[in-house]
Amino acid sequence: MEAEVRTSPTICGMGHRMKRKEDARFLFGKGRYVDDIKLPGMLYMDIVRSPFAHARIKSINAERALAMDGVVAVITGKDLEKYNLHWMPTLMGDTQMVLPTDRVMYQAQEVAAVIATDRYIAADAVEAIEVEYEPLEPVIDPFRALEPDAPVLRTDKGKTDNHIWHWEVGDREATERAFQEADVVVKQQIYIPRIHVASIETCGCIADYNPVEGKLTVYMTTQAPHVVRTALALVAGHVSLSEEKIRVISPDIGGGFGGKVPIYPGYVIAIAASVLLGRPVKWIEDRSENLQADSFARDYHITAELAATKDGKITALRIKTLADHGYTDAAANPSKFPAGLFSICTGSYDIKHAFVEVDAVYTNKPPGGVAYRCSFRVTEAVHAIERMVDVLAQKLDMDPAELRFKNFIQPDQFPYKSALGWEYDSGNYPAALRKAMDLIGYEELRREQAERRARGELMGIGISSFTEIVGAGPSRHFDILGIKMFDSCELRIHPTGKAIARFGTKSQGQGHETTYAQIIAEELGIPAAHVQVEEGDTDTAPYGLGTYASRSTPTAGAAAAMAARKVREKARKIAAYLLEVSEEDLEWEPGVFRVKGAPDKSVTIQEIAFAAYTNHPPGMEAGLEAVHYYDPPNLTFPFGSYICVVDIDKGTGQVKIRRFVAVDDCGHVINPMIVEGQIHGGLTMGFAPAMMEELVYDEEGNILTGSFMDYLLPTAVETPRWETARTVTPSPHHPLGAKGVGESATVGAPAAIVNAVVDALSPYGVTHIDIPITPYKVWKILHEKGVV
Amino acid sequence: MIPPPFTYAAPTSLEEALALLQQHGPMAKILAGGHSLLPMMKLRLLEPEVLIDLRRVPGLADIREENGYLHLGAMVREVELEEHPLIRAKYPLLYETTRWIADPQVRNMGTVGGNLAHGDPGNDHPATMMAYDAQLVVVGPRGERVIPAREFFLDFYTTALEPDEILTAIRIPTPPPRSGGAYEKLERKVGDYATAAVAVQLSLAEDGTLSYVGIGLTNVAHVPLFAARSCAHLQGQRPTPERIDEAAQMASEDCNPRSDLRGSAEYKRAMVRELTRRAFRRALERAQGGQ
Ligand SMILES: Cc1cc2nc3c(=O)[nH]c(=O)nc-3n(C[C@H](O)[C@H](O)[C@H](O)COP(=O)(O)OP(=O)(O)OC[C@H]3O[C@@H](n4cnc5c(N)ncnc54)[C@H](O)[C@@H]3O)c2cc1C
């Protein structure tokens, strides 16, 4: 179903499959990423990293490196300590080393930095730095971390154990009672492993401090340039970097997925080096550094329970989770939500009682966890509930689709208040699931499965009917470092009727230059082709919180509509003046004001724009522009139903995804092609951790998956063919009725895949498999169950 | 990901290349496609001071049949094997093996000689050359010698090549009529080294017994393996399902895999058994189909 289209192809407002404006420069190889930028006199930084997960640094000897031709400086924690820059705050209010002064806390942690005139010399100098370590007992297993005799990692914070925080939500007693009264209870341990965003572009920056002007410009791979600017001003104010002298530029970004929200030590060291040396310093990580040291995602050890009546009505949900955060809590959640929006875990179901608790611990692993294309911990939540519904269906010997229909929040229950406190804006869950079932031929597939089972073949069908929660957020709940999570648009119409619009968000591949232009085209009738969209330069863009958690359309997209409406109101006044009628006598159609009853008396938006600078009404300010800071009244709740069909090769344990149907609902669609692209990419990023991706550590804390030879990403060959479709249930509170969509598929897909594999193996009593589902894991199960 | 400094030489004759090798001794390395060597240099696992590129040495990239052999120059690139009609028609085992190697980018650069000379038990060509009973032609200061593939792989990354020798060609016996071959590889994704892989080459006599059987195993020991006991068990016999199963079982017993992220040793042994059966079955179909 295509969205309703109200504008002509020339205007190209909402609903048009406009080709992405940004693609020409990417396809011609003319994108401008941080590493494409070269400044005169630029120096290069490379980093010495720890081979140990936990060790005391006994000495660092840089003599040989400093003696090398072209080496300008070597920076250690002791150097930064002189300026009190050796520690920095994390977004979650914890602390993180920039460079260590005495201890390293994970393998690949930054130990020292080399600044040289040439990238190659910097790499050679890294090899020439001698660091003496005294290895300490590492804490790798988060359960071990909580044992009383485990080494305490954060003695610097005066801690006496490794527990970071406890967080809970819901009614513990009422939930307990519901469990006691239940006919049926199911319980399942679910591990959602540590993974990495692995964006194509790694992280990096160029710090360019101008000692004459005292001005710092940082070109940086960041999803949130304004937040970085403010954070730098707060952290480095004492070395006289003040906010008006800091400019953060986020040029083209090659994928973020949450991994480019944190402020990594490398950025800070490069900035310190540039300030100290008065020259631009470039730092670009290589792939292994990116995988080994930058923030991870997930790593939740979940114990989930459902209570239900014997005919399948779910009465309560209870979840207990241990969150492994590595050596510091460097998650990137809104400040008041240490476990993100994990409490969306009641999902698409009308569950009266729920209680959720999460405990976070320190271990000797890299810090995190970032919201990897999952809003904030929503993938964890969706995986838990969608798995549990299947576990319950299996226990009740009920079809998982039937169980879902029985428990869905019904369309007439919206706005729906969940047991854990969220107010869902809109949804029609039965319609999405029914559509997915019709598209895939669900009943026929069940018949085929029965026949295959009779022949001893392994075929499975899995459903995931997820609900997302995106678009942070209402500022009364959501902030980062105290800064409210609104977002902004500044819109200017030029005399010739063309426009420039600037935003506080930052596209990393989402297509903002096109989507935002279409929103403004929809509201003003100015062709989207004539709307220039800019983001990512803190000197020019209005303040905003950046792009992650599918928040850009819900916040900045709404701001674009509201700014355009302000412009339209002024345009109406000018039109009335030009047509010599009163404002009430005017009718608007995209791009034109007409006099009611005299449709040939009209004036176009372009004529109005020209008049705004040449012939504006007396007493009115000249010009045609508006700024809007949009603070959403609520989050948006996109949803969908996915169905996956798998066949399993018994001999090898290989799982083949035969079909995958994805029905998504993100309300009104701005550009259907971009939305489909987001869903295709998102499904692939859901498939990857379901089948391949995992950051694996040995007992000593050595990473075993530190390159793409071992950290497996799917290629086009492994990726299934996605079949997508949609339903449209507009958001009642968003100015365009739109919801976020960038993450839905990543959040919803893994459960559908796991449910299909478990379904295939259920005749042998299998109720759960942790992701990633490797051929080895499947074979092992078949072997243990005596099937092979 | 940045190697230490090195110098680069591009000799234009085999003599010149050999002289350079002698001159620089163990500090020099031959450069073929570079797709095993350069990654190791970038990780600083290997730090040669001189690279001797063979690309300009003439006569190392031929593909031709002569004297009962398929002659492959050491510098033949994988993509050339893939695209050569002769290979596709008469050497299905070699064709399939090549298609399983890495991805198109790697196959555009990597050479068959480099794949063998590297001595990596995870590489796919060694098992196949063992299954074919191929011979490797090697040239050094003491002249030319021919080493059977089955005797070439001595240890992890160690082959029978002396440091001053160059591998110039591979000779694969041209299969008689009623022959067939197949390569079965289990990998986690494109570009991955095998969890386990099996190469089977066989010929049938007029009476339907097996007149030739070669089975090679990839990545299930510190070296590529020739499954000698399995071959002997089948040689001269009728390829009944029971016999094939027994031979597959022997192969799984005779390999020596290590547990790693791809799976446990037990899993890999089971895969050797399964893949041997599958490869044998397909090779047999080809032989019976008259190839
Ligand atoms: C991402 C990736 C995935 C891969 N996956 C696979 C796979 O699945 N299967 C597989 O089989 N391979 C795989 N490879 C390895 C690839 O096939 C290499 O090309 C091959 O192993 C080496 O061949 P080369 O021509 O690139 O040799 P080089 O890398 O140039 O050389 C390798 C070694 O052999 C020596 N050498 C090369 N030629 C000669 C010669 N003529 N005489 C003497 N010594 C010589 C060199 O000195 C060096 O020590 C992969 C490589 C990459 C990068």
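Just so it is clear, the structure is predicted and the values come from calculations on it, not from any experiment. The sequence lines fix the lettering, A, B, ..., with proteins before strands; numbering per chain opens at 1.
- Within 6.0 Å of NZ on A:K777 lie more than 12 heavy atoms contributed by other residues, nucleotides or ligands.
- Using a cutoff of 4.0 Å between basic side-chain nitrogens and carboxylate oxygens, A:D647 and A:R658 are scored as salt-bridged.
- Heavy atoms of B:M1 lying under 4.5 Å from chain A belong to its backbone as well as its side chain.
- Of the atoms belonging to A:M709, heavy atoms from both backbone and side chain fall under 4.5 Å from chain B.
- Ranked by non-hydrogen atom pairs under 4.5 Å with chain B, the options A:L712, A:T715, A:V717 are led by A:L712.
- Here B:R229 pairs with B:E253 in a salt bridge; the nearest charged N to carboxylate O distance falls below 4.0 Å.
- Side-chain contact annotation: B:D53 with B:Y8, donor-acceptor N/O pair under 3.5 Å present.
- For A:E289, no part sits under 4.5 Å from any heavy atom of chain B, backbone or side chain.
- Among B:S264, B:P5, B:P39, the residue making the largest number of heavy-atom pairs under 4.5 Å with chain A is B:S264.
- Ranked by heavy-atom pairs shorter than 4.5 Å toward chain A, the options B:R262, B:R273, B:R188 are led by B:R188.
- If you measure heavy-atom distances from A:D649 to chain B, the contacts under 4.5 Å come from the side chain alone.
- Heavy atoms closer than 4.5 Å to chain A are found nowhere in B:R277, neither backbone nor side chain.
- Between chain B and the residues A:Y776, A:F708, A:Y120, the most heavy-atom pairs under 4.5 angstrom are made by A:Y776.
- For the residue pair A:Y711/A:E693, the side-chain donor-acceptor check at 3.5 Å is satisfied.
- A donor-acceptor contact under 3.5 angstrom links the side chains of A:T652 and A:Q654, judged on distance only.
- Between chain A and the residues B:K189, B:E266, B:E274, the largest count of heavy-atom pairs under 4.5 Å involves B:K189.
- The contact between A:D286 and chain B is made entirely by side chain atoms (from C-beta outward), counting heavy-atom distances below 4.5 Å.
- The part of B:R278 that comes within reach of chain A is its side chain, from C-beta onward, which places non-hydrogen atoms under 4.5 angstrom from that chain.
- In this structure, a donor-acceptor pair under 3.5 Å is present between the side chains of A:T684 and A:W722.
- Interface remark: B:T195 contributes no atoms to any contact with chain A (heavy atom separation under 4.5 Å).
- Neither the backbone nor the side chain of B:E184 comes within less than 4.5 Å of any heavy atom of chain A.
- Highest contact tally toward chain B, considering only A:L704, A:L713, A:V788, is held by A:L713 [criterion: heavy-atom pairs under 4.5 Å].
- Between the side chains of A:D299 and A:Y191, at least one donor-acceptor pair of N or O atoms lies under 3.5 Å.
- Judged by distance alone, the side chains of B:H35 and B:Q105 never bring a donor and an acceptor atom under 3.5 Å apart.
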